[in-house]
Student: 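The structure follows.
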Amino acid sequence: MNIAHRIQGFEQSIYSRLKELKEEIFREGTALIDLSIGTPDMAPPEKIKRIISDCALDSKAYDYTLTRGTEQIRQACADWYKRRFDVELDPQSEVLPLMGSQDGLSHIFWAFVDKGDYVLVPDPGYPIYSDGLALVEGIKAPMPLKEENHYLPDLSSIDGHTAQKAKMMMLNYPNNPTAATAPLDFFQEVVAFAKKNNIIVCHDAAYSELYFEEPKPPSFLQAEGAKGVGVEFHSLSKTYNMAGARLGFIVGNAEIIKALETVKSNIDYGIFRPVLSAGAAALSGICDEAAKRNREVYKKRRDIWIAGCAQAGWKMPVSQASMYIWAPVPTQQDSFSFSKDLAKAGVMLIPGAAFGKHGEGYVRIGLVQEEKEIEKAVEIVRDFLNKRIKKDASGIEYE
Ligand SMILES: Cc1ncc(COP(=O)(O)O)c(C=O)c1O
């Protein structure tokens, strides 16, 4: 069969190679601690499970909720925004529920990008920005995220031609994979850049509630004029461990949201009512304690990993947010070779190159296993590095 050329690239991606590697390791029977995935390993709060199960018993809960969802969920999103960010939103025109933020992040391109249009995309970046764009045959204009710039794109380095041609800019803070956060000043710069170049800004804030330090990550919409140029995507997947329930939302510019609604209303018929009810309840504040506990768990895991690896001479920045650590490859290998060798020793990470050219030289560690497993993983890493690294009088030398 002839597969459409727009999806052919996906099959050769580094993710496919990682999947094959995982299968090979399972076949060999090596026990694997998998820190490569971005799925929360913890359960949603009891209250959420209860609302979903009670609501699922209601015979009236099985209708199409349609793209706009319920009044209740849109109001809950707007109220949460006011409470968390002090940003006012009109629940009728400036909020739309999504089947996970991925739903919106992938379909937004259908609303604005025609074949050959440019979109500014972070590199390294969460893959849906490039993959979603590939599905509409848009052209990716990568914005390198570099350590020396705190993993923020350098807007002044975007050449005039690209800035003029770009229709959209994708941003994501707290960032996957680098775990970087963005200050409000940066968002203010983005608004000015977007206004000057007539660019739509899409800020993915899926990890806004997984922060480990104060100040809490700001919303893009807190920047003055942001609503005039862009939107922000949120997810309940990580905040409340509801990943499989598929609930997220988009907020901000009414015109952009209307266009996304037009696309989606031709694709889906809405989110399951029990999920909408549970999400509205979670956002109302009844799960704030559970979200806080989540942060504490990830923070503890982060500290175990970083302290343990430091003992083997592998130093890395301390993540301020997200559920990831972004670390330089500690051997003189490329990120895929290092990840492959470490996986064969029993710990699977993601090579930074999976997130784009500028991810090379790094690996992403997902803090998605219990403390005991993280401790075991750290031991494997230490053992692995000790075997590889030969110390001599002048310091560390690599094999
Ligand atoms: C940066 C980022 N955005 C969006 C998503 C999608 O999340 P969901 O569709 O579950 O809301 C993820 C999932 O890992 C992510 O890492």
Side-chain angles (χ1 to χ4, degrees), residues 15 18 34-44 48 69 73 77 80 95-109 119 121-133 135 143 145 151-153 168-182 201-211 217 219-220 230-251 260 264 267-268 270-272 275-276 278-279 282-283 291 294 298 319-326 349-350 352 354-356 359 364-368:
Y15 281 100
L18 282 174
D34 193 352
L35 304 179
S36 70
I37 45 176
T39 310
D41 59 308
M42 293 174 276
I48 292 302
I73 188 70
C77 295
W80 181 77
V95 179
L96 192 73
L98 300 170
M99 293 175 165
S101 54
Q102 189 97 342
D103 168 21
L105 289 164
S106 52
H107 288 130
I108 193 82
F109 297 118
V119 174
V121 174
D123 179 352
Y126 180 58
I128 192 63
Y129 315 139
S130 305
D131 295 349
L133 186 58
L135 288 176
M143 297 185 291
L145 303 188
Y151 298 111
L152 299 172
M168 288 173 96
M169 175 191 281
M170 308 304 288
L171 289 172
N172 163 225
Y173 294 97
N175 184 257
N176 178 11
T178 68
T181 52
V201 178
C202 294
H203 181 235
D204 174 0
Y207 295 95
S208 73
E209 303 318 293
L210 292 191
Y211 51 86
S219 160
F220 170 67
V231 285
E232 189 155 73
F233 296 83
H234 277 276
S235 171
L236 278 76
S237 299
K238 320 285 162 140
T239 313
Y240 309 114
N241 300 329
M242 289 174 66
R246 309 307 300 131
L247 185 60
F249 57 97
I250 178 177
V251 288
L260 177 63
K264 270 175 56 62
I267 294 175
D268 69 66
I271 300 156
F272 190 30
V275 171
L276 290 176
L283 291 168
N294 247 6
Y298 286 124
S319 312
Q320 307 294 297
S322 83
M323 52 205 269
Y324 309 110
I325 293 170
W326 185 242
L349 314 174
I350 294 210
F355 299 97
R364 190 195 77 176
I365 299 109
L367 300 165
V368 290

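It should be emphasised that the depicted structure is a prediction, and the values quoted were computed from it without experimental measurement. Counting starts at 1 for both ligands and their atoms, in listed order.
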Student: Please could you name the atoms of ligand 1 that Arg246 approaches to less than 4.0 Å, counting only its heavy atoms?
Tutor: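 Listed by number with element, the hits are 8 (P), 9 (O), 10 (O).
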Student: Quick one: look up the protein heavy atom nearest atom 10 (O) of ligand 1 and list residue, atom name and how far away it is.
Tutor: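 That would be Ser237 OG, 2.6 Å.
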Student: How far is atom 1 (C) of ligand 1 from its nearest protein heavy atom, and which residue and atom is that?
Tutor: Asp204 OD2, 3.3 Å
Student: Quick one: does Cys77's side chain get under 4.5 Å of Ile73's, heavy atoms only?
Tutor: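 With C-beta onward as the side chain, the pair touches.
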Student: Are the ring centres of Tyr324 and Tyr207 closer than 6.0 Å?
Tutor: yes
Student: Side chains of His203 and Val231, heavy atoms from C-beta outward: is any pair under 4.5 Å?
Tutor: no
Student: Should you measure from each heavy atom of Asn172, which atoms of ligand 1 turn up under 4.0 Å away?
Tutor: 1 (C)
Student: Near Gly100, which atoms of ligand 1 are under 4.0 Å from a heavy atom of that residue?
Tutor: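 By the 4.0 Å cutoff, the relevant atoms are 9 (O), 11 (O).
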Student: Classify the contact between Ser101 and ligand 1 as side chain, backbone, both or neither, using a heavy-atom distance cut-off of under 4.0 Å.
Tutor: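 Ser101 to ligand 1: contacts from backbone and side chain alike.
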Student: Decide yes or no for Asp123 and Phe355: does some side-chain heavy atom of the first lie under 4.5 Å from some side-chain heavy atom of the second?
Tutor: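 A side-chain contact is absent here, since even the closest heavy-atom pair is not under 4.5 Å.
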Student: Going by distance only, is there an N or O of His234 that falls short of 3.5 Å from an N or O of ligand 1?
Tutor: no
Student: If I compare all heavy atoms of Leu152 with all of Tyr173, which pair ends up nearest, and what's the gap?
Tutor: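 Leu152 and Tyr173 have their closest heavy atoms at CA-OH, 3.3 Å.
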Student: For the residue pair Met143 and Met169, establish whether any side-chain heavy-atom pair is separated by less than 4.5 Å.
Tutor: yes
Student: Can you say whether the rings of Phe249 and His234 are parallel (under 30°), tilted (30 to 60°) or perpendicular (over 60°)?
Tutor: parallel
Student: Can you find a non-hydrogen atom of Met99 under 4.0 Å from ligand 1?
Tutor: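 No; Met99 lies far enough from ligand 1 that no heavy-atom distance drops under 4.0 Å.
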Student: Checking contacts here: is it the side chain or the backbone of Leu105 that comes within 4.0 Å of ligand 1, counting heavy atoms only? Could be both or neither.
Tutor: side chain
Student: Please indicate whether any nitrogen or oxygen in Tyr129 is less than 3.5 Å from any nitrogen or oxygen in ligand 1.
Tutor: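 Not met; the criterion fails.
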Student: Hey, does Lys238 come in under 3.5 Å of ligand 1, counting only N/O atoms on both sides?
Tutor: yes
Student: What's the separation between atom SG in Cys202 and atom CD1 in Ile108, rounded to the nearest 0.5 Å?
Tutor: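 Answer rounded to 0.5 Å: 4.5 Å.
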Student: Out of curiosity, is Tyr207 lining ligand 1, as in a heavy atom under 4.0 Å away?
Tutor: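 So Tyr207 counts as touching ligand 1.
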